[in-house]
Engineer: 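Okay, handing you the structure first.
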Amino acid sequence: MFDAPSWAERLGGDTFLAQSCFRSHLVIRGKPDDFTHLVSWATLNQVVATHRLEPPRLRLSRGGEMVPLHRYAVPVTTRRSVVWHRIQPAELHARIREGASLVIDAIDEIHPPVTAAAEGLERFLRTPVQVNAYASWTATEGFGTHWDDHDVVVCQVEGAKRWRIYGPTRPAPTWRDTQTPDVPEGEPLADIVLGPGDLLYLPRGWWHAVTADQGTPSLHLTFGLTTQTGADLMNWVVDQLRDDIRFRTDVPRFGTPADQAAYVTALRDAVTAALDDPAVTDRWARSLDTTHHGRPTASLPHVDQVPARPELAVRLTCPRARLDQDPETGAWSLAAAGTVWDFAAPAGPALQRLHDGRPATLGELAHLADLTVADIAELTTVLVRGQAAAVTGADW
């Protein structure tokens, strides 16, 4: 299982955060079976056969362009007149032989082992994570030389893939930007081959070209990290300033130049005062963590009350939930999914166990906290109703 400590150890912990994160690419060699528990060829076959994945959720790409859907799928109309596209395996295979790469977006939403790994990385890096699966068979580039608007952690699962890395041509480009980065010229900064168990970290904006030219089918997972920029921070600051009458007052479009200048000065003073707070980035980060919806999960069949059954397993579904203890009273607060819950001091051990991200049975939590299973069931019910936790299988 790739929980937060496992990711920290794999990436290099504080050294990675201080030296590589947002700064430069990093290659970490591993053992061939390091990622085989996350996904396999059998997983892809099962996903393609049992899910209705319309493009771009499932797609083929060749030479930087999407392969037309009709070349590997046929439309099917249900008796209720709903149209979907059924993948034709023979045609899918033919397009792949011609050089297409197969992509499944957000496989973390449909395959629990990858979901757990994504949540672990989210806990470590404190940002939402989406995972795509990529499979390639030939030396043809599926996407051409390109850059991504988010950092990625690439885990090579099966086979080998060659990465030509050129570096950025525009510092920190974003999805909504004022300029398009220039195409890189010259030789790549790095020309590497990832084998099974190897990991690559690549910051956003770094150009790269990727091929499966090593004579073996390649399967890898790309963990995409949501970007958090200064523009995002400023948007949050402005949202907080809606409490200030200066930000709710109409812009004096029809006022005198002096009126307009005074208005802008008032706005600038308010923003400057907000940014002068040395804790502004910490407050922003906490707001992001505690208001994010996480990965909401149903707890069927328990739609009303979680029963006091010690074998039932529960887990938090918000990877970046914040758990704090009052140093004076010993009481605990858990902030997640836009809500804050207060608990008495005895609940602390159970909350800490849930906060580490692993599922735990109600019986285990009751034992840790020296509480009754009924007490833990009530605590769980509160969190389930707030969409911060879910009753789930213990082997999740």
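What you see is a predicted model; the values in this text were computed from it and never measured.
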Engineer: Under the side chain to side chain contact (heavy atoms under 4.5 Å, CB included) rule, collect the residues that match up with Ala350, sequence neighbours excluded.
Structural biologist: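 Listed in chain order: Leu365, Ala369, Ile376.
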Engineer: The test is side-chain contact (heavy atoms from CB on, under 4.5 Å); show your working for Leu60 and Leu92 and say whether it passes.
Structural biologist: CA-CA 9 Å; Leu60 295 181; Leu92 180 75; 3.9 Å; yes
Engineer: Output yes when Arg358 and Glu119 qualify as a salt bridge under the 4.0 Å nitrogen-oxygen rule, no when they do not.
Structural biologist: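 No, no charged N to carboxylate O under 4.0 Å.
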Engineer: If I compare all heavy atoms of Asp34 with all of Gly197, which pair ends up nearest, and what's the gap?
Structural biologist: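 Shortest heavy-atom contact: OD2-O, 3.8 Å.
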Engineer: Is any side-chain heavy atom of Arg315 closer than 4.5 Å to one of Thr297?
Structural biologist: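 Yes, at least one pair of side-chain atoms sits under 4.5 Å.
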Engineer: Taking Thr226 for the side chain and Pro128 for the main chain, is one N or O donor matched with an acceptor at less than 3.5 Å?
Structural biologist: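 Pair found, side chain donor or acceptor close to backbone of Pro128.
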Engineer: Taking Asp277 for its side chain and Ala279 for its backbone only, find out whether a donor-acceptor pair lies under 3.5 Å.
Structural biologist: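 It does hold such a pair.
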Engineer: Under 3.5 Å, is there a donor-acceptor pair between the Asp269 and Thr272 side chains?
Structural biologist: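 Thr272 and Asp269 do not have a side-chain donor-acceptor pair below 3.5 Å.
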Engineer: Using a 3.5 Å distance criterion without hydrogens, assess whether the side chain of Arg295 forms a donor-acceptor pair with backbone atoms of Pro319.
Structural biologist: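 Checked: no pair found.
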Engineer: Can Leu275 be reached from Leu288 by stepping across I, L, V, M, F, W or Y side chains whose heavy atoms are under 4.5 Å apart?
Structural biologist: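 As far as the 4.5 Å side-chain criterion goes, Leu275 and Leu288 are connected within one cluster.
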Engineer: Hydrophobic clusters here meaning ILVMFWY residues chained together by side-chain heavy-atom distances under 4.5 Å, can you tell me if Val129 and Ile104 are in one?
Structural biologist: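 Shared cluster, yes.
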Engineer: Please work out which of the three classes, parallel, tilted or perpendicular, describes the rings of Phe143 and Tyr134, given edges at 30° and 60°.
Structural biologist: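 Ring orientation, 0 to 90° scale: perpendicular.
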Engineer: Does any part of the side chain of Val154, heavy atoms only, come nearer than 4.5 Å to the side chain of Leu194, both counted from C-beta?
Structural biologist: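 Side-chain contact under 4.5 Å: yes.
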Engineer: Hey, is CG on Asp14 packed in by over 12 heavy atoms from elsewhere, all under 6.0 Å?
Structural biologist: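 For Asp14, atom CG is not crowded (no more than 12 foreign heavy atoms under 6.0 Å).
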Engineer: Tyr201: what forms a ring pair (Phe, Tyr, Trp, His ring centres under 6.0 Å) with it, not counting sequence neighbours?
Structural biologist: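 Ring pair (Phe, Tyr, Trp, His ring centres under 6.0 Å) list for Tyr201, sorted by chain: Phe16.
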Engineer: Looking only at the side chains, is there a donor atom on one of Thr36 and Asp33 sitting less than 3.5 Å from an acceptor on the other?
Structural biologist: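 Side chains of Thr36 and Asp33: no pair found under 3.5 Å.
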Engineer: Which one of Glu91, Glu65, Glu98 satisfies the salt bridge (Lys or Arg N to Asp or Glu O under 4.0 Å) criterion with Arg71?
Structural biologist: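 So the option named by the test is Glu98.
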Engineer: Would you indicate whether the side-chain heavy atoms of Thr229 and Leu233 approach each other to under 4.5 Å?
Structural biologist: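 Contact flag for Leu233/Thr229 side chains = no.
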Engineer: With the side chain counted from C-beta on, respond yes when Arg204 and Thr227 share a heavy-atom pair under 4.5 Å apart, and no when they do not.
Structural biologist: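 A side-chain contact under 4.5 Å exists here.
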Engineer: Asp151 versus Phe22: any side-chain heavy-atom pair under 4.5 Å?
Structural biologist: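 Heavy-atom side-chain distance check passes, below 4.5 Å.
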Engineer: Look at the side-chain heavy atoms of Ile, Leu, Val, Met, Phe, Trp and Tyr, link any pair under 4.5 Å apart, and say whether Val157 and Leu58 land in one connected group.
Structural biologist: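 In one cluster with Val157: Leu58, yes.
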Engineer: Spell out, yes or no, whether Val39 and Val103 are grouped together once hydrophobic residues are joined by side-chain heavy atoms under 4.5 Å, including indirect joins.
Structural biologist: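 Val39 does not cluster with Val103.
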Engineer: Kindly state each residue pair satisfying ring-ring contact (aromatic ring centres under 6.0 Å, His included) with at least one member in residues 38-86, sequence neighbours excluded.
Structural biologist: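 Every ring-ring contact (aromatic ring centres under 6.0 Å, His included) pair that includes a residue of residues 38-86, provided the two are not neighbours, is Trp41-Trp137.
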Engineer: For the backbone of Thr140 and the side chain of Thr211, can you confirm whether one donor and one acceptor N or O come within less than 3.5 Å of each other?
Structural biologist: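 Pair absent, no side-chain N/O of Thr211 close to backbone of Thr140.
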Engineer: Can you see whether Thr50 engages Gln46 through a side-chain donor-acceptor pair at a distance of less than 3.5 angstrom?
Structural biologist: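 Distance-only check passes for Thr50 and Gln46.
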Engineer: Could you check Arg57 against Ile110 for side-chain contact (heavy atoms from CB on, under 4.5 Å), going step by step and ending with a plain yes or no?
Structural biologist: CA-CA 12 Å; Arg57 189 70 182 275; Ile110 56 178; 3.9 Å; yes
Engineer: Hey, what do you get for OG1 (Thr339) to CG (Leu334), rounding to the nearest 0.5 Å?
Structural biologist: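 With rounding to 0.5 Å, OG1 (Thr339) is 10.0 Å from CG (Leu334).
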Engineer: What's the shortest heavy-atom distance between Glu141 and Ala209, and which atoms?
Structural biologist: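 Smallest interatomic distance, heavy atoms only, reads OE2-CB, 3.5 Å.
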Engineer: Which pair of non-hydrogen atoms, one from Ala308 and one from Ala374, has the smallest distance, and what is that distance?
Structural biologist: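 Distance-wise, the nearest heavy atoms are CB-CA, 3.8 Å.
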Engineer: Looking at Asp149 and Arg176, is there a salt bridge between them, counting it only when a charged N and a carboxylate O are closer than 4.0 Å?
Structural biologist: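 Looking at Arg176 and Asp149, the cut-off is not met.
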Engineer: Tell me the closest heavy-atom pair linking Asp108 and Val131, and the distance in Å.
Structural biologist: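 Taking every non-hydrogen atom into account, OD1-N, 2.9 Å.
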Engineer: Quick check: do His208 and Asp148 have side-chain heavy atoms less than 4.5 Å from each other?
Structural biologist: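 His208 vs Asp148: side chains touch.
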Engineer: For Trp341 and Val382: C-alpha separation, side-chain torsions, deciding distance, then whether side-chain contact (heavy atoms from CB on, under 4.5 Å) applies.
Structural biologist: CA-CA 9 Å; Trp341 295 273; Val382 169; 3.2 Å; yes
Engineer: With a 3.5 Å cut-off and no angle check, do the side chains of Thr290 and His292 form a donor-acceptor pair?
Structural biologist: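 No, no side-chain donor-acceptor contact under 3.5 Å.
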Engineer: Drop me the distance from Ile96's CD1 to Thr138's OG1, to the nearest 0.5 angstrom.
Structural biologist: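 Those atoms lie 10.0 Å apart.
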Engineer: Mind checking whether Leu221 and Asn132 have side chains closer than 4.5 Å, heavy atoms only?
Structural biologist: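 Sidechains of Asn132 and Leu221: no contact.
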Engineer: With distance as the sole test, does Ser287 use its side chain to make a donor-acceptor pair with the main-chain N or O of Arg283 at under 3.5 Å?
Structural biologist: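 Judged by distance alone, no pair lies under 3.5 Å.
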Engineer: Taking the basic N atoms (NZ, or NE/NH1/NH2) and the acidic carboxylate oxygens, is any pair closer than 4.0 Å for Asp191 and Arg162?
Structural biologist: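 Arg162 and Asp191: salt-bridged.
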Engineer: Is a side-chain donor-acceptor pair under 3.5 Å present for Ser218 with Gln156?
Structural biologist: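 Checked: Gln156/Ser218 side chains pair up, N/O donor to acceptor below 3.5 Å.
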Engineer: Got a donor-acceptor contact below 3.5 angstrom from the Ser299 side chain to the His302 backbone?
Structural biologist: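 Absent.
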Engineer: So Val271 and Arg268, do their side chains get closer than 4.5 Å, heavy atoms only?
Structural biologist: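 The answer is no, as the side chains (C-beta and beyond) never meet within the 4.5 Å cut-off.
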Engineer: Please confirm whether the backbone N or O of Ala117 pairs with a side-chain atom of Trp7, one donor and one acceptor, at under 3.5 Å?
Structural biologist: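 Pair found, side chain donor or acceptor close to backbone of Ala117.
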Engineer: When you check the gap from the basic side-chain N to the acidic O, do Asp213 and Lys161 get nearer than 4.0 Å?
Structural biologist: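 Salt bridge flag = no for Lys161 with Asp213.
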Engineer: Between Arg170 and Asp177, does any NZ, NE, NH1 or NH2 come within less than 4.0 Å of an OD or OE carboxylate oxygen?
Structural biologist: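 Looking at Asp177 and Arg170, the cut-off is met.
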Engineer: Heavy atoms only: give me the nearest Pro55-Met66 pair and the separation to one decimal.
Structural biologist: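 So the minimum-distance heavy-atom pair works out to CB-CE, 4.0 Å.
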Engineer: Please tell me whether Glu378 and Gln305 have a donor and an acceptor in their side chains that are separated by less than 3.5 angstrom.
Structural biologist: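 Glu378 vs Gln305: donor-acceptor pair found between side chains.
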Engineer: If two hydrophobic side chains count as joined below 4.5 Å and joins carry through other members, does Leu354 share a cluster with Val306?
Structural biologist: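 Yes: a chain of side-chain contacts under 4.5 Å links Leu354 to Val306.
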Engineer: Extract all donor-acceptor atom pairs below 3.5 Å that involve side chains of residues 23-30 and protein atoms in other chains or at least two apart in sequence.
Structural biologist:
from: Arg23; atom 1: NH1; to: Leu17; atom 2: O; distance (Å): 3.1
from: Arg23; atom 1: NH1; to: Ala18; atom 2: O; distance (Å): 3.3
from: Arg23; atom 1: NH1; to: Cys21; atom 2: O; distance (Å): 2.9
from: Arg29; atom 1: NH1; to: Val193; atom 2: O; distance (Å): 2.8
from: Arg29; atom 1: NH1; to: Asp198; atom 2: OD2; distance (Å): 2.7

Engineer: Checking Val280 against Trp236 for the side-chain contact (heavy atoms from CB on, under 4.5 Å) test, could you report, in this order, the C-alpha distance in whole Å, the side-chain angles of both residues, the deciding distance, and whether it holds?
Structural biologist: CA-CA 10 Å; Val280 65; Trp236 177 83; 4.0 Å; yes
Engineer: Going by the side chain to side chain donor-acceptor pair (under 3.5 Å) test, which pairs reach into residues 318-338, not counting sequence neighbours?
Structural biologist: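 Every pair satisfying side chain to side chain donor-acceptor pair (under 3.5 Å) with a residue in residues 318-338: Glu122-Arg320, Arg286-Asp324, Asp289-Arg320, Asp289-Arg322.
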Engineer: Which atoms form the tightest heavy-atom contact between Gly186 and Tyr166, and what is the distance?
Structural biologist: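 That closest heavy-atom pairing would be O-CE2, 3.6 Å.
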Engineer: Is it true that a side-chain atom of His111 and a backbone atom of Pro113 form a donor plus acceptor pair closer than 3.5 Å?
Structural biologist: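 Not confirmed, His111 side chain does not pair with Pro113 backbone.
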Engineer: Tell me whether Ser136 contacts the main-chain N or O of Ala212 through its side chain, where contact means a donor paired with an acceptor under 3.5 Å.
Structural biologist: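 A pair under 3.5 Å: no.
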Engineer: Can you list every salt bridge (Lys or Arg N to Asp or Glu O under 4.0 Å) pair that touches residues 333-352, not counting sequence neighbours?
Structural biologist: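 Residue pairs with at least one partner in residues 333-352: there are none.
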Engineer: Within the side chain of Arg123, is there an N or O that forms a donor-acceptor pair under 3.5 Å with the backbone of Gly120?
Structural biologist: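 Pair absent, no side-chain N/O of Arg123 close to backbone of Gly120.
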Engineer: Taking atom CD of Glu9 as the centre, report whether more than 12 heavy atoms of other residues, nucleotides or ligands fall under 6.0 Å from it.
Structural biologist: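 No.
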